Structure formats: structure tokens, C-alpha cells
**Q** 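Here's a structure for you.
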Amino acid sequence: MKVRVKAFARFREILGSDLSIDLPDGAVMATALSALRDIAGDESGIIFDEDGALRAHVILMRNGKRVKRSDLDTLVLADGDEVAIFPPVAGG
Amino acid sequence: MKVRVKAFARFREILGSDLSIDLPDGAVMATALSALRDIAGDESGIIFDEDGALRAHVILMRNGKRVKRSDLDTLVLADGDEVAIFPPVAGG
Amino acid sequence: MISITRDVIDAGAMIEAAKRPGMGALVTFCGAVRDDGGIERIELEAYEEVAVRELEKIRDEAMREFPIESVDIVHRIGSLFVGETILLVIVGAGHRKEAFAASEFIIDRLKQTVPIWKKEFYRDGERWVPGEAGGQG
Amino acid sequence: MISITRDVIDAGAMIEAAKRPGMGALVTFCGAVRDDGGIERIELEAYEEVAVRELEKIRDEAMREFPIESVDIVHRIGSLFVGETILLVIVGAGHRKEAFAASEFIIDRLKQTVPIWKKEFYRDGERWVPGEAGGQG
């Protein structure tokens, strides 16, 4: 299945602005994140810590709704889902 | 000597907008006020109480500076002075 | 700019004119004629020379009390219809907190001390708006 | 009106459009690009759909919390130079206290929850403006 990923600000510069990732059916959010970690490559340290966990300030959304850290391993994605990943907001 | 009197709002409707009163040389503010009381005639009750004293909220200025109640009998006016008399302000 | 005017107040032009490179925040207060129980129009009058001087005093006081960069105040007089701008106050500052605080300070002071009066005209009558007693001058 | 736009924001037109007969006070906050130590321009980007929805939520919350009549918010994105308006918030109310309080509430919330980011460009470099951690979504 395909999941769209939108990254913003510094994370967009690392991951690209609008990418599509292929995941096995039934993949959870954590699977998508490890795919993003591979895409980030050398710069993944800005988004993930040494153990591959999301850094504290990273915000994650699925279809426009905030995803909690505690749900990363259980939230099953569906084909066509939109995942957004971004640093703390700074508008206004 | 001549003293110019500017009245505003309700007091302008009673006294006129820009009047000139003749006073004896050396007249004090209280003298000017009693001339104004005469001009106000039937409607003087809006500005003065039964004893001829200024009502509590009336504001008096001489040449753009606030005049204190305690100075009414001692403040000597000069030819060409501008006296202003008005109710509490309501701008904004 | 500090002024008393009989002309329509152009908020957009005044905000653009107030901008300076160091300003991150401009807070604008626009006081308008409110249709309060059938008001058709109002008439404003001012003791102009004293009103301008008093507005300048308020501006100077706000500039001393708050870390802000500019204060503009324009107060209209004459005959105004519902919806027309009576008063425009613009405070420019580096940051928003100070701009908001200074704006409220300026308007509170203005209502207490600046010699301007309002008469409301209804379909069936008129009345002078009661002022705030004391404080002015 | 709630919107995210790439066009120049016209404060004057927005203030006039916001006016309603019951409003005695309109408080406008204009956030501008500040020349903060040699900034030449900034670039703003937004997660647009979510940002608009979040702004609508903030407007609805302000309308519930304060006795106000209207909230308009326009946030600009794209490339902006020093002095250009980034954000315009207009709150219309019967009276000024509520309009001021609601404006500050809206801007505080906006800075915490609306997915918009800023990059500053200096003569000799660039940097992403650090955001406010937590709270959003």
C-alpha cells in the first residue's frame, strides 16, 4: 500500500516536500517512521535519536490528526493515508 | 477687559460656542462665572447649583489649563484670556 | 501622527505609514459608531487645541511607560454614521505584549482626559453621551 | 474570514469588511517581518489544510469564550520582506475590553498550535525560527 508523507520546515529539507512510501499491508506508524529514517539517511539525527526513536519535539499527524507516542506501534495505516511530520510550529 | 469663553457640548448649547465677555480689570474667575450664570439664564441650573456654585462635574480651564475650585476667588484674569467650560469628556 | 480630523480615517494607510523595520507587532484600535438601540448618527465636538495637546501627552506617557516604538492617534469629529471610525490608535512595537498593553493604556487615558464630546441622534430624539467625571486637564 | 494566503494582506479593506452595526470596537493585530539583526527576508510555509482548520478552531473557541461579534484571521505564507504583514487578526466587539482580551488569546493560541514555520534569511546565512514545543494538533 502507499502512504503519502508531508514533511515541513527543516524536515522537508531532509525528507522532501511530498513523498509517497510503499509499506506492507497492515503496517503500523512505527514502520512508516523507520522507512522515513532510511530516507533521511545521514541527516536522520535531526528527527530521530540514536536508538531510532522520534526526538521529543517532533510532531506527527495521520490524516490531519495528532498521533500520540504511545500509539506508534499499534496505529495501523491504510492505503492512501497522509502522514505529516514536522518540528514545533512557529507562525504568527 | 475682554475674556473669551469657549463652552462645549451641552454647555455650548446653553451659552453659545464662542462668546466674549466684558469684565472689569482685575476680575477673578468667580466674576467671569457669575457673568456666565447670567447668560445661561433659565438653563443655568445645569451648570450651577442653587447657590450659584459650579456643579461638581463642571470642568473649567483658563488658557488651556485646568482651574481648581479653590482658586476661583483668587485667580485674576487678564485681557484676552480664554476661559473654557465643559461637562465631563466622552471621546473615544 | 496625532490629530483631530473631520475627514474619514483610513486605517490601512495609517497602519502602513506606522511601520518601521524594528516592529514585529502593530496593534490597532478602531472605535466605531455602534448602533446601540436605534442610533442613526452621532456628532462629535472637541476643544481642539487642548485635545491635541492632551493626545500628545498621552502618547509621550505611553512611550515612556512601555517599550514601544510608535504611537499614532487620530480622533474624528463632526457628524458620523453607524459603522464609521471615530478613533484610530496604532501602537508599533518589537513585540506584541507591550503593543497590546500600551494600546489599552492609551484608550483608557483618552476617555478620561481628552476634551471631546458625543451627541447621539435617534429617530425620536437625541442625547449627550455622559462623560467620565474627573481626571482631565 | 479565515485564510492562509500568498497575497499581500490589505488591513484597511479587512477592517472595513469586518465592521457590523453592533460593533463599537475593532482590535487589529498586525504581525510584521521585523529587521532583527540583519534579516533580509523570511519564508513561511504551512501545512495548509490543517492550519486553516486549526485557525477555525481558534476562532470558534474565542467566540465561545469572549462576548465578541467577529474574528478574522489571515496568515500569509511564501517569501516576505522586512515590513510586510505576516498575520492579521481582527476582533470586532461591542466593547473594547473583550476585543483586546480575545485578540491576545487568539495570537497566543495561534503561535502554539497552527502548523506554520518561518525561515529567516540573513546576508550571510539562514535559519529556521525555533517553534514553541508541544500543544499543537
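What you see is a predicted model, and the numbers here were worked out from it, not measured in a lab. Below, chain A is the first sequence line, B the second, and so on; all start at residue 1. Side chains included, hydrogens not; waters and symmetry mates left out as well; all remaining heavy atoms used.
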**Q** To check you understand the geometry: which heavy-atom pair defines the closest contact between A/A90 and D/P130, and what is its length?
**A**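 Heavy-atom minimum between the residues: CB-O, 4.0 Å.
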**Q** Let me know if D/V50 has heavy atoms under 4.5 Å from chain A in its side chain, its backbone, both or neither.
**A**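 It is the side chain, since no backbone atom gets that close.
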**Q** Where does D/K111 contact chain A at under 4.5 Å (heavy atoms): side chain, backbone, both or neither?
**A**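 D/K111 touches chain A through backbone and side-chain heavy atoms alike.
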**Q** Can you confirm whether A/D38 is buried at CG, in the sense that more than 12 heavy atoms of other residues, nucleotides or ligands lie under 6.0 Å from that atom?
**A**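 More than 12 within 6.0 Å, yes.
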**Q** If the plane angle is over 60° it's perpendicular, under 30° parallel, otherwise tilted; pick one for D/Y47 and A/F86.
**A**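 Aromatic pair D/Y47/A/F86 classed perpendicular.
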**Q** So for D/R53, is it side chain, backbone, both, or neither that comes closer than 4.5 Å to the heavy atoms of chain A?
**A**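 It is the side chain, since no backbone atom gets that close.
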**Q** Would you check if the side chain of D/K119 reaches a backbone N or O of A/R10 as a donor-acceptor pair within less than 3.5 Å?
**A**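 The answer is no, because no donor-acceptor pair under 3.5 Å joins these two groups.
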**Q** Grab the two heavy atoms, one from D/W117 and one from A/P87, that are nearest each other, plus how far apart they are.
**A**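 Closest heavy-atom pair between D/W117 and A/P87: NE1-O, 3.0 Å.
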**Q** At a heavy-atom separation under 4.5 Å, does D/A51 approach chain A through its side chain, its backbone, both, or neither?
**A**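 D/A51 has no heavy atom closer than 4.5 Å to chain A.
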**Q** Name all residues meeting the side chain to side chain donor-acceptor pair (under 3.5 Å) criterion together with D/E120; count only those two or more places apart in sequence or in a different chain, and write none if there are none.
**A**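 By the side chain to side chain donor-acceptor pair (under 3.5 Å) rule, D/E120 matches D/Y122, D/R127.
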**Q** Enter the distance from A/K6:NZ to D/E49:CD here, rounded to the nearest 0.5 Å.
**A**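 Between A/K6 NZ and D/E49 CD, I get 4.0 Å after rounding to 0.5 Å.
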**Q** Measure the shortest side-chain to side-chain distance between A/E13 and D/W128 over non-hydrogen atoms and say whether it is less than 4.5 angstrom.
**A**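 Yes, at least one pair of side-chain atoms sits under 4.5 Å.
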**Q** Which heavy atom of D/T113 sits nearest a heavy atom of A/V89, and at what distance?
**A**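 Distance-wise, the nearest heavy atoms are N-CG2, 4.1 Å.
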**Q** Which one wins on heavy-atom pair count under 4.5 Å against chain A: D/H75, D/E43, D/R76?
**A**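 Most pairs with chain A among the choices: D/H75.
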**Q** Under 4.5 Å from any heavy atom of chain A, what part of D/L44 do you find: side chain, backbone, both or neither?
**A**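 No part of D/L44 comes within 4.5 Å of chain A.
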**Q** Minimum heavy-atom separation for A/G91 to D/L110, with atom names?
**A**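 Looks like C-CD2, 4.2 Å.
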**Q** With a 4.5 angstrom heavy-atom cut-off, which part of D/L87 approaches chain A: side chain, backbone, both or neither?
**A**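 The side chain, not the backbone.
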